[in-house]
Amino acid sequence: MNVMSYAAGAAQIGTVTIGAPLVIGLMRQVRARWEGRAGGGMLQPWRDLRKQLGKQQITPQGTTLVFTSAPAVLAGTTLLIAAIVPLVATGSPLDSSADLFAVVGLLFLGTVALTLAGIDTGTSFGGMGASREITIAALVEPTILLAVFALSIQAGSSNLGALVTNTLANPGLVASLTGVLAFVALVIVIIAETGRLPVDNPATHLELTMVHEAMVLEYAGPRLALVEWASAMRLTVVLALLANLFLPWGIAGGQPSAAAVIVGVAAVTVKVGVLAVLLASAEVFIAKLRLFRVPELLAGSFLLALLAVTAANFFTVAGPQ
């Protein structure tokens, strides 16, 4: 490990923490333009965070440590994922910890923390949102495992850095049957994991449709700012990971130079920006699914991930013969 490896790790965390609200602002601005509105600008989420940080912190009566600690757990797990997954470089100091199962476990830990916080409030909205969120998570996390596991069969490792390196060495894998099936499955579950349309609508507070918003209704002030910031970082991280698993070009290598780190930051910024624009544009033309139809969509993504694993095993075994 050289000094630039640590700089690459710091660059990953800095890019995610600073850029995450800008990603949300970009998506809102794209939707506003599609809908014929001016929009609040890309910096509006930062203004909202600053406003929330200046408000009084309120703790609902009867809540416990679960409620007060959930925002920190959600933000901490997201920052840890941003530190270990290959976003800017594959040779960061914590790259060896970027195991598929560890990353999915951290994602699920943040989801569980926020779910328990919703239940801890004792309100009907909190309990309703928590039950919906954990139902979606129970279908999403196995699909993420299977989809990325299909890629790991070809790479011979469940380390995400090894997966990115293998894709760089074998770019044809992206257009293979395994790669296409895994990509489609991951796109669907990432939409569900981050609470975007058609699974959830982040711009509504209607009790019949909201999932994520129902769990955070009782938060205010700095805790609400931390939850919103962590949610934005979560979206940024999974979009960056999706881009680097299938289009890793521009990412710095194992012993990066200063120029390679700068190029890596620029590359992941462009890729996340393009994915955010595409996702926001698609949301304009997609209606929210009924809650009882969401499991059907996620079951379809699970089937695609299972087919990706089957295809990876078939072609891996049949190839050498």
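- Looking at every heavy atom in both residues, V180 comes nearest to A175 through CG2-O, 4.1 Å.
- Hydrophobic cluster membership for F108: V66, V112, L116, I134 (Ile, Leu, Val, Met, Phe, Trp, Tyr linked by side-chain heavy atoms under 4.5 Å, directly or transitively).
- Summarising the geometry, atom CE belonging to M233 is positioned 5.5 Å from atom OG1 belonging to T78; distances are rounded to the nearest 0.5 Å.
- V265 and T269 get closest at one heavy-atom pair: O-OG1, 2.6 Å.
- For the atom pair L298 CG and R293 CZ, the distance stands at 12.5 Å (nearest 0.5 Å).
- Nearest heavy atom pair, residue P21 against residue A232, reads N-CB, 4.2 Å.
- Between A276 and L26 the shortest heavy-atom distance is CB-CD2, 4.3 Å.
- Proximity of a side-chain donor or acceptor of T90 to a complementary backbone N or O of P86 within less than 3.5 Å is not detected.
- Note on L106 and V73: separate hydrophobic clusters, where clusters join Ile, Leu, Val, Met, Phe, Trp and Tyr whose side-chain heavy atoms are under 4.5 Å apart, directly or indirectly.
- Here E193 pairs with R234 under the side chain to side chain donor-acceptor pair (under 3.5 Å) rule; sequence neighbours left out.
- At a threshold of 4.5 Å between side-chain heavy atoms, the hydrophobic network of Ile, Leu, Val, Met, Phe, Trp and Tyr places L197 and I24 in two separate groups.
- Annotation: side chain to side chain donor-acceptor pair (under 3.5 Å) contacts involving residues 159-169, sequence neighbours excluded, comprise N166-N170.
- Pairs of residues two or more places apart, or lying in two chains, that qualify as side chain to side chain donor-acceptor pair (under 3.5 Å) and include a residue from residues 41-51 are Q44-R47, Q44-D48.
- Across every non-hydrogen atom of A287 and P198, the tightest pair is O-CB, 3.4 Å.
- Side-chain contact check for L173 versus T178: every heavy-atom pair is 4.5 Å or farther apart.
- In this structure, F149 has no ring-ring contact (aromatic ring centres under 6.0 Å, His included) partners at least two apart in sequence or on a different chain.
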Given E141 and I144, is the side chain to side chain contact (heavy atoms under 4.5 Å, CB included) satisfied, shown in steps? CA-CA 5 Å; E141 309 301 339; I144 297 177; 4.1 Å; yes
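- A search for ring-ring contact (aromatic ring centres under 6.0 Å, His included) contacts involving W34 returns F285, not counting sequence neighbours.
- Looking at L43 and L22, their side chains come closer than 4.5 Å, going by heavy atoms from C-beta outward.
- Using a 4.5 Å cut-off on side-chain heavy atoms (C-beta onward), R223 and T59 make contact.
- For V274, the side chain to side chain contact (heavy atoms under 4.5 Å, CB included) partners are V270, L278, not counting sequence neighbours.
- Between I251 and V268, the closest side-chain pair of non-hydrogen atoms is not below 4.5 Å.
- Between the side chain of S176 and the backbone N or O of G172 there is no donor-acceptor pair closer than 3.5 Å.
- One hydrophobic cluster holds both L306 and V140 under the rule that ILVMFWY side chains link at heavy-atom gaps under 4.5 Å.
- Both F101 and V309 sit in one connected hydrophobic cluster of ILVMFWY residues. Membership requires side-chain heavy atoms under 4.5 Å apart, directly or through other members.
- At distances below 3.5 Å, not a single donor-acceptor pair connects side-chain atoms of N201 with backbone N or O atoms of K288.
- For the pair R31/M27, no side-chain contact is recorded, criterion being any heavy-atom separation below 4.5 Å from C-beta on.
- Here the options are D99, L145, L163, L160, the test is side-chain contact (heavy atoms from CB on, under 4.5 Å), and the partner is S152; only L163 passes.
- Residue L114 is found in a hydrophobic cluster whose other members, listed by chain and number, are F67, L74, M215, V216, Y219, L224, V227; membership requires side-chain heavy atoms under 4.5 Å apart, directly or through intermediates.
- Taking Ile, Leu, Val, Met, Phe, Trp and Tyr as members and joining any whose side-chain heavy atoms lie under 4.5 Å apart, directly or through other members, I119 forms no hydrophobic cluster with any other residue.
- In this structure a side-chain-to-backbone donor-acceptor pair under 3.5 Å is present from W229 to T17.
- For F302, the ring-ring contact (aromatic ring centres under 6.0 Å, His included) test picks out no residue, with sequence neighbours left out.
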Please walk me through it: do K271 and N244 pass side chain to side chain contact (heavy atoms under 4.5 Å, CB included)? CA-CA 9 Å; K271 286 184 281 190; N244 281 346; 2.7 Å; yes
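- Annotation for I262: hydrophobic cluster partners, listed by chain and number, are none (ILVMFWY side-chain heavy atoms under 4.5 Å, direct or chained).
- Contact check for V189 versus L186: side-chain heavy atoms found under the 4.5 Å cut-off.
- Put simply, the side chain of T15 does not reach to within 4.5 Å of the side chain of L87, judged on heavy atoms.
- P45 approaches G41 most closely through the heavy-atom pair CD-O, 4.2 Å.
- At a threshold of 4.5 Å between side-chain heavy atoms, the hydrophobic network of Ile, Leu, Val, Met, Phe, Trp and Tyr places L217 and I58 in two separate groups.
- Side chain of Q12 to main chain of A82: a donor-acceptor pair is present (N/O by atom type, distance under 3.5 Å, no hydrogens or angles).
- Annotation for Q61: atom CD does not count as buried by contact number, only 12 or fewer foreign heavy atoms lying within 6.0 Å.
- Atom OG of S231 sits about 9.5 Å away from atom CG of L226, to the nearest 0.5 Å.
- Note that CG of L177 and CZ of F314 are 10.5 Å apart. Values are rounded to the nearest 0.5 Å.
- To the nearest 0.5 angstrom, I188 atom CD1 is 12.5 Å from L139 atom CG.
- Side-chain contact check for L151 versus F246: some heavy-atom pair is nearer than 4.5 Å.
- Between L291 atom CG and R132 atom CZ the span is 5.0 Å, to the nearest 0.5 Å.
- Scored by the salt bridge (charged side-chain N to carboxylate O under 4.0 Å, His left out) test, R33 finds no partners at all (sequence neighbours excluded).
- At a cut-off of 3.5 Å, with distance as the only test, no side-chain donor of D120 or T63 sits close to an acceptor on the other residue.
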